[in-house]
Amino acid sequence: MKLKTRLSIDVCFKYIFKVTGLLVLLLLGAILFMLIYNSISFFLDVRPIDFITGLEWNPTGDTPKYGILPLIISTTLVTMGAMAIAIPLGIGTAAFIAEYASPRLKNMLKPIIEMLAAIPSVVIGFLGIVVVGPGIANLADLQNGLNALNGAILLAVMALPTIITVAEDAIHAVPKTYKEASYGVGATKWQTLRKIVIPAAAPGIIAAVMLGVGRAIGETMTVLMATGNAALLPTGMFASVKTMTATIAIEMGEVPYQTTHYYALYAIATVLFFMTLLANILGEYFINRFRKYHAV
């Protein structure tokens, strides 16, 4: 009787987990369908090539312009700037915690880093306005510090907890036999970390980086507050920019329902969706390459 009960429970939970997994896929498919469906209504009025390659975003002008190339470049610039800061800091911190920090220091650092992820994005954005922005303006002799660099720094801070936590777990999971073999042939701790541990943990580290990229691309409130919101082609990291997420957040609440402008925001969201998807596919490709390398 007990065996029958246990088997029934196992079968029950098997189907529960299967249904929850399918619901996640269904939800993702429903979101994609909604985005594409509303985007089609927009593309009936505006050609996709003009939308993607247009240099001016001014949907409320006398002659509405729906070019999102400046928004795409701005989003990419801020995200890449954030990753240029967050990746070396994140991987370096993860390596320090996993390999060099004492148990006591490690137990202090990990909760502090994880608490950083709990800070609301609006607070990070506020700090960008009152602290980081004025600092950039003073150092670079600018009128204000609301620019791509400000947004990149803030996004890097927001991505760091994810990168550090996942990368540290990946480094910590490297078998001790790898390190012992390296020490056995006379390698130093630094040589072992650089040539053995980090390459062995590469799939997990790449996954951490891709999670950080996703966090940076999808962030809204911080970049809305800290980047200046100028829908122009950026000339550098000190230029004010307007990201795709900020555009949707600013304009969706005020745009008339079921107008071309309204559907244009859905089209932006669709492009953003596929940008994130492309980043994840690239990350998965490199993860699989490293896994095959280690398998060989």
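Only this structure's heavy atoms are used, side chains among them; waters, hydrogens and symmetry mates stay out.
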Could you check Leu224 against Thr245 for side-chain contact (heavy atoms from CB on, under 4.5 Å), going step by step and ending with a plain yes or no?
-> CA-CA 8 Å; Leu224 188 152; Thr245 51; over 6 Å; no
Begin from the C-alpha positions of Asn58 and Thr60 and carry the test side-chain contact (heavy atoms from CB on, under 4.5 Å) through to its verdict.
-> CA-CA 6 Å; Asn58 184 20; Thr60 58; 3.7 Å; yes
Step by step, would you call Gln258 with Tyr263 a side-chain contact (heavy atoms from CB on, under 4.5 Å)?
-> CA-CA 7 Å; Gln258 291 187 338; Tyr263 291 124; 3.4 Å; yes
Hey, mind stepping through Phe96 and Leu105 against side-chain contact (heavy atoms from CB on, under 4.5 Å) and telling me if it holds?
-> CA-CA 10 Å; Phe96 171 77; Leu105 180 59; 3.7 Å; yes
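Ile52 and Ile40 fall within a single hydrophobic cluster, where Ile, Leu, Val, Met, Phe, Trp and Tyr side chains are chained together by heavy-atom contacts under 4.5 Å. Criterion: ILVMFWY side-chain heavy atoms under 4.5 Å apart, direct or through other members. Under it, Met80 and Leu272 are not part of a common hydrophobic cluster. A single hydrophobic cluster is not seen to contain both Ile164 and Met115; linkage of ILVMFWY side chains at heavy-atom distances under 4.5 Å, directly or through other members, places them apart. Follow the hydrophobic side-chain contacts under 4.5 Å out from Leu211 and you never reach Tyr285; the two are in separate clusters. A continuous path of Ile, Leu, Val, Met, Phe, Trp and Tyr side chains, each step under 4.5 Å between heavy atoms, connects Ile9 with Ile16, placing both in one hydrophobic cluster.
Distance check: Asn229 CG to Leu146 CG gives 8.5 Å after rounding to the nearest 0.5 Å. To the nearest 0.5 Å, atom OG1 of residue Thr75 and atom CD1 of residue Ile217 are 8.5 Å apart. Taking CD1 of Ile198 as the start and OG1 of Thr192 as the end, the distance is 11.0 Å to the nearest 0.5 Å. Atom CD1 of Ile73 and atom CG of Leu69 lie 4.0 Å apart (nearest 0.5 Å). In this structure, Met225 CE and Ile124 CD1 are separated by 10.5 Å, a value rounded to the nearest 0.5 Å. In this structure, CG on Leu265 lies 11.0 Å from OG1 on Thr260, to the nearest 0.5 angstrom.
Considering all non-hydrogen atoms of both residues, Pro161 and Ile113 come closest at CB-O, 3.5 Å. Minimum interatomic distance between Ala216 and Leu155 (heavy atoms only, all atoms of both residues): O-CD1, 3.7 Å. Scanning all heavy atoms of the two residues, the minimum distance from Pro234 to Ala239 falls at CA-CB, 4.3 Å. The minimum heavy-atom distance between Met221 and Ser121, with the atom names listed, is CB-OG, 3.6 Å. In plain terms, the two heavy atoms of Val209 and Met83 that are nearest each other are O-SD, 4.2 Å. The two residues Val255 and Tyr262 have their closest heavy-atom pair at CG2-N, 3.5 Å.
Within the structure, salt bridge (charged side-chain N to carboxylate O under 4.0 Å, His left out) contacts touching residues 211-220 (residues at least two apart or in different chains) are Arg215-Glu219.
The side-chain heavy atoms of Ile68 and Trp57, taken from C-beta on, include a pair separated by under 4.5 Å. Using a 4.5 Å heavy-atom threshold, the side chains of Asn150 and Thr227 count as separate. A 4.5 Å side-chain heavy-atom check between Met158 and Leu154 finds every atom pair outside the cut-off. The closest side-chain heavy-atom distance from Met237 to Asn147 is not below 4.5 Å. Within the 4.5 Å cutoff, side-chain heavy atoms of Phe273 are placed close to those of Leu28. At least one side-chain heavy atom of Ile171 sits less than 4.5 Å from a side-chain heavy atom of Ile205. Residues Val132 and Leu127 are not in side-chain contact: their nearest non-hydrogen atoms beyond the backbone lie 4.5 Å or more apart. Looking only at side-chain heavy atoms (C-beta outward), Val157 and Ile119 stay at 4.5 Å or farther from each other.
Environment of CE in Met108: sparse, with no more than 12 heavy atoms of neighbouring residues, nucleotides or ligands closer than 6.0 Å. Around atom CZ of Phe126, no more than 12 heavy atoms belonging to other residues, nucleotides or ligands sit under 6.0 Å away. Applying the 6.0 Å contact sphere to CZ of Arg47 captures no more than 12 heavy atoms from other residues, nucleotides or ligands. The environment of Lys189 atom NZ is dense: over 12 non-hydrogen atoms of other residues, nucleotides or ligands sit within 6.0 angstrom. Sparse packing is recorded around NE2 of His172, with 12 or fewer heavy atoms of other residues, nucleotides or ligands lying under 6.0 Å away. Around atom NZ of Lys106, more than 12 heavy atoms belonging to other residues, nucleotides or ligands sit under 6.0 Å away.
Not a single donor-acceptor pair under 3.5 Å links the side chain of Thr276 to the backbone N or O of Gly214. A donor-acceptor distance shorter than 3.5 angstrom exists from the side chain of Thr20 to the backbone of Phe17, with no hydrogens or angles considered.
Annotation: Phe42 is not in aromatic contact with Tyr266 [ring centroid separation under 6.0 Å not met]. With ring centers used as reference points, Tyr66 lies 6.0 Å or more from Phe51.
By the 30° and 60° cut-offs, the orientation of the rings of Tyr37 relative to Phe33 is parallel.
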